[in-house]
There are 2 protein chains.
Amino acid sequence: MLKYSPPVDDVFRAVGDSTRRDMVERLGRGPASVSQLAEPLGMSLSAVVQHLAILEACGLVRSHKVGRVRTCRLEPMIMRTAEEWFASQRVAWERNLDRLGEYLAEGETKQRSKR
Amino acid sequence: MLKYSPPVDDVFRAVGDSTRRDMVERLGRGPASVSQLAEPLGMSLSAVVQHLAILEACGLVRSHKVGRVRTCRLEPMIMRTAEEWFASQRVAWERNLDRLGEYLAEGETKQRSKR
DNA sequence: GCAATACTTAAGTCAATGCTTAAGTATTCT
DNA sequence: AGAATACTTAAGCATTGACTTAAGTATTGC
C-alpha cells in the first residue's frame, strides 16, 4: 500500500477549521463569489479571502475571476482523497478486528505471538 | 438533511495535525500502549499523552489502563462519521453538477453546444 | 523495601493561526 | 470622468496549539 499523497496533509489542516468547513458546505450547494461566501460568516472579507487561499492551496476549491468577480467551486476529487484516508484507516482497523478477534484488544492479552 | 453532529468538529481538528494522524495510522494496525505510540514519533512522552487526550476527547480513540499500561485503540464508528462528511459534501456537489451542467460553473461560457 | 517502569500533570515557551484595520488595484456603472 | 463594487495585499495583534522540562503517582520486578 502506498502512503497517502502529500496534499492530504494540507487538506486535513484546511478542514480542521470550522469556518473553512462552512465555506466548503456552502460551495457544496453550488459555486459562489467571494462576497457570497463571506456573507453568512460574520467576519471581514479579508479574513474570508485568507481562508479561501488555504482552501485553494490544498486543492479543495478552485476559482476563476471574470471581471471583478471571483467565482469559487469545489474540487470533488480532492474531497475523495480525504474521504479515502478515513476509509482506509477504518477498514484496516476492522480487518484487524477480524484477524485477531476483538477480545485480543481488551487488554488482558499477554504476548501475542508475532506472525 | 440534518446538520452533521457536533463531535465532527473536534474530529476534524484532531486529524488536522499530522502527528495525530500518524498515531491514528499506527492504531489502524492494531492497539498500542502509550509508549509504543510514542516510540516512532520523535517527541516526549508527555507530548504524545497530550495528543492522545485530544484523540480521545473527540472519540476517535479509546483507551483503558491495566496495571501501569494504558492500551489505545481506534473507534471505527467515529472514523465513519468524518468519512461521511466528505462523502456528503462531494455527493452534494456532484449532484449539483448534474443538475446545472458543468458549463455553468465555467463562467466563460464560450458558447459550446449543450449536451 | 527499593528501583525501574509507565505514565500523568503542571508550568512555561515559542511559533503558527485567525482575525482585524487600512490602504491598495481593477472593473463596472452612471 | 467619478463613484461604487469586488476583491487584494500588507501589517499587526491576540490567541491557540504543539511542544518542552520538571516533578509527580501508580505498578511491577528484584
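The figures here come from the full heavy-atom set of this structure, side chains too, leaving out hydrogens, waters and symmetry mates. From a predicted model like this one, the values you see are computed outputs, not experimental measurements. Labels below follow one simple rule: chain letters A, B, ... track the order of the sequence lines, proteins then strands, and each chain is numbered from 1.
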For DNA chain D, which nucleotides open and close the run of contacts to chain B, 5' to 3', at under 4.0 angstrom from a non-hydrogen atom? D:dG17 to D:dT28
Flag, side chain of B:Glu84 to backbone of B:Thr81, donor-acceptor distance under 3.5 Å: no
Assign A:Ser44 to base, sugar-phosphate, or nothing according to its heavy-atom contacts below 4.0 angstrom with the strands shown. base
Quick check for you: to the nearest 0.5 Å, what is the distance between A:Ile78 atom CD1 and A:Glu83 atom CD? 12.5 Å
With nearest nucleotide decided by heavy atoms, which residue, A:Gln50 or A:Gly67, maps closer to the 5′ end of DNA chain C? A:Gln50
Regarding A:Ser33, tell me which of base, sugar-phosphate or nothing describes its non-hydrogen contacts under 4.0 Å with the strands shown. sugar-phosphate
Length of the line joining A:Arg70:CZ and C:dT28:P, which is rounded to integer Å: 14 Å
Classify the nucleic acid contact of A:Thr19 as base, sugar-phosphate or nothing, counting any heavy atom under 4.0 Å across all strands shown. sugar-phosphate
Assign each of A:Asp17 and A:Ser46 to its nearest nucleotide of DNA chain C by heavy atoms, then name whichever residue's nucleotide is nearer the 5' end. A:Asp17
Is there side-chain contact between A:Trp85 and B:Arg21, with heavy atoms separated by less than 4.5 Å? yes
Could you say whether A:Gln36 or B:Gly16 is positioned toward the 5' end of DNA chain D, judged by the nucleotide with the nearest heavy atom to each? A:Gln36
Beyond-backbone contact of B:Asp22 with B:Pro40, side-chain heavy atoms, under 4.5 angstrom: no
Under a 4.0 Å threshold between the charged nitrogen and the carboxylate oxygen, would A:Glu94 count as salt-bridged to A:Arg90? yes
Could you tell me the separation between the CD atom of B:Glu39 and the C1' atom of C:dT5, rounded to a whole number of Å? 16 Å
Starting from the first five and the last five pairs of the helix from C:dG1-D:dC30 to C:dT30-D:dA1, work out the angle between the resulting helix axes, to 10 degrees. 20°
OP1 or OP2 of C:dC29 under 4.0 Å from side-chain N/O of A:Arg68: no
Looking at A:Arg62 and A:Glu56, is there a salt bridge between them, counting it only when a charged N and a carboxylate O are closer than 4.0 Å? no
B:Asp17 backbone acceptor or donor facing B:Arg13 side chain under 3.5 Å: no
Report the residue from A:Val15, A:Ile54, A:Leu52 that forms a side-chain contact (heavy atoms from CB on, under 4.5 Å) with A:Met23. A:Leu52
If we only count heavy atoms from C-beta on, is the A:Ser35 to A:Glu39 side-chain gap below 4.5 Å? no
